[in-house]
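Heads up: numbering here begins at 1 and tracks the sequence. These numbers come from a predicted model, not from an experiment.
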Amino acid sequence: MATFRKLTIQFETSAQLPPPYSYRYVLRILPNEQSINVDLKLTYTHRDELDADEIEAEGFTDNDDYEWKGALEKVWSDELEKVLKKTQMGGSMLQDEEFDFLTLEWETDTTKKGQPKNTEDWLYFAQELLQAIYETSEKERPFEMQVIDATSQGTREAQLTASFRTRTAQVKRVVDGKTSLRFYPWQELPSLMETVYAPNWLTDNASSQKPKRNGLYFNLGDGVWYEWGKQVVEPGKGAKTLSKLKDVVTTLFA
C-alpha cells in the first residue's frame with residue numbers, strides 16, 4: 001500500500017543557470033493499483049531576456065515547455081516508496097538562489113509541505129523520474145553509448161543501453177565475432193555518465209561514418225563517432241578525464 005495519497009514535487013533551477021537553460025516544473029504523483037500516475041508541467045524561465053536567434057543558437061526552439069500525463073513502470077513506485085520512507089520534512093520554503101530548489105507537498109492523513117531534509121536524495125531521484133517520463137512519453141530515447149576499440153590484434157565493440165523507463169541497463173559486446181549480453185548495475189550508472197561527459201567532445205571534427213582505422217572510438221547515440229584523444233579531449237590543463245574514460249571502457253569489456 002502506498003504511503004501517500006498524493007505527492008507534489010516543485011522544482012526550479014538555481015539563478016546561476018541562465019536562460020534558455022533555466023526551468024521550473026510541477027510534478028503531481030498519484031498511486032494506482034500497479035504503479036504511479038504522473039502529471040508533469042515543465043516551463044522554461046526568463047526567456048523574455050533573449051531573442052529568438054539566441055535561443056535557437058543554443059539548440060532550443062521558441063517553445064520548449066512540456067506537459068505530460070500518464071503511468072510509469074512499477075519500478076518507479078517501488079523507488080518512490082524507498083525515498084519516502086527515509087524522508088523527513090523540515091526545510092525552508094524560501095529559495096536560495098545559488099542552488100536548485102525542490103519542495104514537496106506530501107499528502108497522507110495530513111499534509112506536509114516544505115523542503116525534505118534529504119534534499120540531495122530528492123534532487124537525484126526527481127531528475128531520474130523526469131528522464132523516465134521523457135522516455136515513457138517518447139520525448140527522448142534511452143541513453144546509448146557505443147565503443148569501438150580497434151587495434152592490430154583485432155576489433156571489439158560494446159554498446160551500453162540505459163533505460164530510465166524501466167530503470168535497467170545492459171551491455172552488448174562483440175569480441176572476436178562472438179556476441180554476449182549482460183546487465184550493467186544501475187547504481188553504477190551515475191558515476192559512469194559523469195565520467196563520460198567530463199571530457200570535451202568536439203563535434204565539429206567528429207565523423208558520421210563508422211570508423212575503420214585503428215583507434216578508440218565513441219558514439220553517444222547521436223550518430224557521430226568521436227576518437228579518443230582527438231575529438232574526445234581534456235577539458236583543461238591538468239585534467240585527467242581521459243584516463244578515467246578508458247577505465248570505463250575496461251569495465252564494459254570485462
Side-chain angles (χ1 to χ4, degrees), residues 1-17 21-45 65-137 139-140 142-143 162-169 183-194 197:
M1 180 179 295
T3 59
F4 67 100
R5 291 178 182 172
K6 181 180 178 181
L7 183 71
T8 302
I9 302 173
Q10 296 194 56
F11 173 88
E12 184 166 0
T13 54
S14 79
Q16 307 301 314
L17 187 67
Y21 301 97
S22 58
Y23 64 91
R24 67 166 65 98
Y25 66 75
V26 177
L27 177 59
R28 295 181 173 87
I29 305 172
L30 293 171
N32 62 36
E33 292 182 359
Q34 300 297 324
S35 183
I36 51 175
N37 293 324
V38 298
D39 181 353
L40 171 69
K41 291 181 172 61
L42 184 147
T43 306
Y44 283 87
T45 57
D65 296 349
Y66 190 68
E67 295 186 8
W68 188 77
K69 292 182 181 181
L72 299 184
E73 297 279 343
K74 184 180 184 302
V75 64
W76 288 106
S77 176
D78 298 338
E79 291 303 313
L80 176 57
E81 290 292 342
K82 290 178 185 177
V83 179
L84 283 172
K85 285 178 180 178
K86 60 180 180 179
T87 295
Q88 292 183 334
M89 306 294 285
S92 170
M93 292 290 283
L94 299 176
Q95 182 172 4
D96 184 335
E97 293 188 349
E98 292 188 7
F99 302 98
D100 292 340
F101 186 62
L102 181 146
T103 62
L104 302 178
E105 184 172 335
W106 181 2
E107 298 181 30
T108 54
D109 293 333
T110 59
T111 299
K112 304 174 185 178
K113 297 181 181 180
Q115 283 188 283
K117 291 184 178 180
N118 55 334
T119 300
E120 290 302 317
D121 291 339
W122 276 101
L123 287 171
Y124 181 75
F125 176 76
Q127 186 60 42
E128 279 200 337
L129 197 61
L130 194 63
Q131 193 61 38
I133 290 171
Y134 286 164
E135 289 184 18
T136 304
S137 64
K139 183 180 188 293
E140 294 185 3
F143 171 78
S163 169
F164 284 82
R165 181 179 66 84
T166 59
R167 212 168 183 270
T168 58
F183 285 105
Y184 188 86
W186 186 261
Q187 65 272 18
E188 296 180 13
L189 189 65
S191 175
L192 178 144
M193 295 183 76
E194 182 180 351
Y197 288 109

Query raised in the report: Any ion pair linking R5 and D109 (charged N to carboxylate O, less than 4.0 Å)?
Result: yes
Query raised in the report: Is Q34 atom CD crowded by more than 12 heavy atoms from other residues, nucleotides or ligands, each under 6.0 Å away?
Result: no
Report task. Would you check if the distance from the ring center of Y134 to the ring center of Y66 is below 6.0 Å? Result -> yes
Query raised in the report: Does the side chain of E120 come under 3.5 Å of the side chain of Y124 through a donor N or O and an acceptor N or O?
Result: no
Query raised in the report: What pair of heavy atoms forms the shortest contact from D100 to S14, and how long is it?
Result: OD1-N, 2.9 Å
Query raised in the report: Going through the distances and angles, do W122 and L84 end up as a side chain to side chain contact (heavy atoms under 4.5 Å, CB included)?
Result: CA-CA 9 Å; W122 276 101; L84 283 172; 3.7 Å; yes
**Report entry** Plane angle bin for Y25 and Y23 - parallel if under 30°, tilted between 30 and 60°, otherwise perpendicular
**Finding:** parallel
Report summary line: Here the gap from Q115 atom CD to Q10 atom CD, rounded to the nearest 0.5 Å, amounts to 11.5 Å
Query raised in the report: Roughly how far apart are N118 CG and K86 NZ, rounded to 0.5 Å?
Result: 6.5 Å
Query raised in the report: Under 3.5 Å, side chain of W76 to main-chain N/O of F164, donor-acceptor pair present?
Result: yes
Query raised in the report: Under a 4.5 Å cut-off applied to non-hydrogen side-chain atoms, are T136 and W68 in contact?
Result: yes
Query raised in the report: Below 4.5 Å, heavy atoms only, C-beta onward: do L130 and L27 meet side chain to side chain?
Result: no
Query raised in the report: Side chains of T3 and P31: does their closest heavy-atom pair fall under 4.5 Å?
Result: no
**Report entry** pair L129-L80: side-chain heavy atoms closer than 4.5 Å
**Finding:** no
Requested in this report: Tell me, yes or no, whether the heavy-atom count around E194 atom CD, taken from other residues, nucleotides or ligands under 6.0 Å, exceeds 12.
Outcome: no
Query raised in the report: Side-chain donor-acceptor pair under 3.5 Å between T13 and S22, yes or no?
Result: no
Query raised in the report: Crowded around K69 NZ? As in, over 12 foreign heavy atoms under 6.0 Å?
Result: no
Query raised in the report: In Å and rounded to the nearest 0.5 Å, what is the NZ to CD distance from K113 to E105?
Result: 4.5 Å
Query raised in the report: Looking only at heavy atoms, what is the nearest atom pair of A162 and P142, with distance?
Result: O-CB, 3.4 Å
Requested in this report: Determine the minimum heavy-atom distance between I29 and F4, stating which atoms define it.
Outcome: O-CE1, 3.6 Å
Query - For F11, the option from L123, L42, T103, V26 that meets side-chain contact (heavy atoms from CB on, under 4.5 Å) - result: L123
**Report entry** Between OG1 on residue T8 and CG on residue L104, distance to nearest 0.5 Å
**Finding:** 9.0 Å
Requested in this report: Calculate, to the nearest 0.5 Å, the distance between atoms CE and OG1 belonging to M89 and T87 respectively.
Outcome: 8.0 Å
Report task. Grab the two heavy atoms, one from K117 and one from G90, that are nearest each other, plus how far apart they are. Result -> CE-CA, 4.3 Å
Query raised in the report: Is it true that a side-chain atom of S77 and a backbone atom of I36 form a donor plus acceptor pair closer than 3.5 Å?
Result: no
Query raised in the report: Can you find a pair of side-chain heavy atoms, one from T166 and one from V75, that are under 4.5 Å apart?
Result: no
**Report entry** Heavy-atom closest pair, residues Y184 and L189
**Finding:** CE2-N, 4.2 Å
Report summary line: Of all heavy-atom pairs linking A169 and W186, the shortest is N-CE3, 4.0 Å
Query raised in the report: Roughly how far apart are R28 CZ and L40 CG, rounded to 0.5 Å?
Result: 10.5 Å
**Report entry** Reference residue E73; test side-chain contact (heavy atoms from CB on, under 4.5 Å); the match among R165, E135, E79, R167
**Finding:** R165
